[in-house]
Amino acid sequence: MLKGGVIMDVVTPEQARVAEDAGACAVMALERVPADIRVDGGVARMSDPEMIQGIQETVTIPVMAKARIGHFVEAQILEALGVDYVDESEVLSPADEAHHIDKWAFTVPFVCGATNLGEALRRVAEGACMIRSKGEAGTGNIVEAVRHLRSITGDIRRLTQADPAEQFEWAKRLGAPLPLVQEVARTGELPVPLFCAGGIATPADAALAMQLGAQAVFVGSGIFKSDEPAPRAKAIVEATTNFEDPHILAKVSRGLGTPMTGIGMDDLDLKLADRGW
Amino acid sequence: MSASPVVGVLALQGAFELHRQVLEGLGARVQLVRRGDQLDDIDRLVLPGGESTTMSMLAERGGLIEPLADFVRSGRPVLGTCAGAILLSAQVLDGRADQRCLGAIDLVTRRNAFGRQVDSFTIDLTIDGLGGAMFPAVCIRAPVIESVGDGVEVLARIDGRPAMARQDAIMVTIFHPELAGDARVHEWFLDS
């Protein structure tokens, strides 16, 4: 029941409280926001259970946490902790360079990233309950999120025009199971909700993602790497609800202080979105 | 005036889009409600599931609490599901201190009382007054109804506790009928 809402990255119980007070519909508990993971380098892993539990005890909204791609034991631990959703995330260092987690083996629902329709449907085939377009986490730059959202929604629109013979070719080209390709061709939407992540830093960014077809947004570094996290968090929540109303967007965008500085794609050493197979 | 009623669906956050699809499938015209003035032209109102704290905050910031309270007092039919039931209740337990309730139906709800996301479940329910087979009730971080006042009719129970209730024109469910793949609850609401 996260649709139409904002899921915020938090690294402390205090930040989780700020997020809940702002109207977040869930929080993502992690040790470092993606912007810091970029700076620090090294191996990024699942967060300390103590830190996750501290956040679970602080808020009443759902708590998500990240496991490394393919690291099903981290996912088992997160499920045992009672987190509400596991994000099998490219933001952490991959544990397996060929396989994602078999998500059907779990009760806890999974969210997974995707840059295109084929990747999204492979994750759904593995049992993901939600897809988020990856964008480029920790950059404060919306350009990759737009690229990935447009790729996914554009291919869905094109696929609905494909005749049955062409759907076989689509399945081959996307590297996705034929039944899922046929389902998308018939319904004109993913079999699971589509959210947007990676680079949202302003209320306008959140509304852009929603107008491009996302059903909810993840905001990572964009809030707590800005000058004034609390008002910015609140403004992004209101922008996500009122994404089609430019007058409200203008109102909530006023006087929020400096957003996170952000990084241009040409200055990027490491593209997290390339992780995932 | 057209014969098909205009149903408002509160669209601050949550499962409003699925409610819209089910209602439109039944021939209703749907108005998504994000501002108070959008309540003026509707005949019925659905308050969907979602995160009740988020919805309460957005309703308050958007100046929607009073218009919503006026609407539920007007006697027009209202359906609240999951978080929507919390919003309609007289009191919510385990909520936030600043969480608002409309007091439209005389019952007390408790948030997340079945546990976290992994404790979500589906159960077949017998609903009084709803014809046909049992209804698949999808409960996701559902609230429980702790107590009901004298004027409230309990229509279905899970483990002995109320799961669906009605008082005058206000109907609430702790489950998500829009996820059931069965439109009978919505159909009933449109006929009420």
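In what follows, chains are A, B, ... by sequence order, proteins preceding strands, each numbered from 1.
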A.B. asks: Under 4.5 Å from any heavy atom of chain B, what part of A:Phe106 do you find: side chain, backbone, both or neither?
C.D. replies: neither
A.B. asks: Please determine if B:Glu17 and A:Lys3 form a salt bridge, counting it only when a charged side-chain N lies under 4.0 Å from a carboxylate O.
C.D. replies: no
A.B. asks: Select, from A:Val6, A:Asn242, A:Asp21, the one with the greatest count of heavy-atom pairs under 4.5 Å involving chain B.
C.D. replies: A:Asp21
A.B. asks: Would you say B:Arg111 has more than 12 foreign heavy atoms packed within less than 6.0 Å of its CZ?
C.D. replies: yes
A.B. asks: Check each atom of A:Ala26 against the heavy atoms of chain B and say whether the ones under 4.5 Å are side chain, backbone, both or neither.
C.D. replies: neither
A.B. asks: Enter the distance from B:Thr54:OG1 to A:Leu2:CG here, rounded to the nearest 0.5 Å.
C.D. replies: 9.5 Å
A.B. asks: Hey, which of B:Glu51, B:Arg61, B:Met57 has the most heavy atom pairs under 4.5 Å with chain A?
C.D. replies: B:Arg61
A.B. asks: With no hydrogens and no angle check, is any side-chain donor or acceptor of B:Gln117 less than 3.5 Å from a backbone partner on A:Val63?
C.D. replies: no
A.B. asks: Heavy-atom count check: over 12 atoms from other residues, nucleotides or ligands less than 6.0 Å from A:Phe72 CZ?
C.D. replies: no
A.B. asks: Can you tell me if B:Asp159 has over 12 outside heavy atoms packed within less than 6.0 Å of its CG?
C.D. replies: no
A.B. asks: Between B:Leu179, B:Leu18, B:Val118, which has the largest tally of heavy atom pairs under 4.5 Å with chain A?
C.D. replies: B:Val118
A.B. asks: Identify the heavy atoms of A:Cys25 and B:Gln13 that sit nearest to each other, and give their distance.
C.D. replies: CB-NE2, 3.7 Å
A.B. asks: Against chain B, label A:Gln215 side chain, backbone, both or neither, depending on which of its atoms sit under 4.5 Å from a heavy atom there.
C.D. replies: neither
A.B. asks: Return the option, out of B:Met55, B:Arg116, B:Arg35, B:Arg34, with the maximum number of heavy-atom pairs under 4.5 Å with chain A.
C.D. replies: B:Arg116
A.B. asks: When heavy-atom pairs shorter than 4.5 Å are enumerated against chain B, which of A:Ala22, A:Pro109, A:Pro62 gives the highest number?
C.D. replies: A:Pro62
A.B. asks: Taking only residues two or more places apart in sequence or in another chain, which ones pass side-chain contact (heavy atoms from CB on, under 4.5 Å) with B:Val6?
C.D. replies: B:Arg29, B:Gln31, B:Ile42, B:Asp43
A.B. asks: Which heavy atom in A:Ile61 sits nearest to a heavy atom in B:Arg141, and how many Å separate them?
C.D. replies: C-NH2, 3.6 Å
A.B. asks: Could you tell me which non-hydrogen atom of A:Thr241 sits nearest to which non-hydrogen atom of B:Leu12, and how far apart they are?
C.D. replies: OG1-O, 2.6 Å
A.B. asks: Taking A:Thr107, A:Thr60, A:Val108 one by one, which has the highest count of heavy-atom pairs under 4.5 Å against chain B?
C.D. replies: A:Thr60
A.B. asks: What part of B:Ala83 is in contact with chain A, defined as an atom under 4.5 angstrom from a non-hydrogen atom: side chain, backbone, both or neither?
C.D. replies: neither
A.B. asks: If you compare all heavy atoms of B:Leu58 against all heavy atoms of A:Val237, which two are closest, and at what distance to 0.1 Å?
C.D. replies: CD2-CG1, 3.8 Å
